[in-house]
Q: 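Next up is a structure, given as structure tokens.
Position 1 is the first residue of the sequence; numbering continues from there.
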Amino acid sequence: MKKPKNKVENEEKPKVHPDLEGFDVKINSFGEIVSTHSIEKINEFLNKNVVDKKLKDRDGFKQDEE
């Protein structure tokens, strides 16, 4: 009979942005979200790389791409 494969051994790490290398999120036994990066670092990355859909059409909002 074949031995079942361990799922952890076969998992490949997803491709991520170089600024988020090593980023991992887990939920502990108390239901708390545990992350390898601080919330401030994640927010800084999102502010720099993601356009806020609610603000893009607002007067006075300037994008880096323009």
Q: Is the closest basic N to carboxylate O distance between Lys41 and Asp19 below 4.0 Å?
A: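 Result for this pair is no, no salt bridge flagged.
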Q: Would a hydrophobic clustering, with Ile, Leu, Val, Met, Phe, Trp and Tyr connected at side-chain separations under 4.5 Å, put Val34 with Ile27?
A: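 No, separate clusters.
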Q: For the CG atom of Leu46 and the CD1 atom of Ile39, what is their distance to the nearest 0.5 Å?
A: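 The CG atom of Leu46 sits 9.5 Å away from the CD1 atom of Ile39.
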Q: Over 60° means perpendicular and under 30° means parallel, so classify the ring planes of Phe23 and His37, tilted if in between.
A: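 Rings of His37 and Phe23: parallel, under 30°.
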Q: Could you grab the distance from atom CG of Asn47 to atom CD1 of Ile42, nearest 0.5 Å is fine?
A: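 Rounded to the nearest 0.5 Å, the CG-CD1 separation comes out at 12.0 Å.
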Q: Apply the test side chain to side chain contact (heavy atoms under 4.5 Å, CB included) to residues Val25 and Ile33: give CA-CA distance (whole Å), side-chain angles for both, the deciding distance (0.1 Å), then the verdict.
A: CA-CA 7 Å; Val25 176; Ile33 298 173; 3.6 Å; yes
Q: Only pairs at least two apart or in different chains count here, so list each side-chain hydrogen bond (donor to acceptor under 3.5 Å, both in side chains) that has a residue in residues 20-30.
A: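 For residues 20-30, and leaving out neighbouring residues, the side-chain hydrogen bond (donor to acceptor under 3.5 Å, both in side chains) pairs sorted by first residue read Asn28-Glu32.
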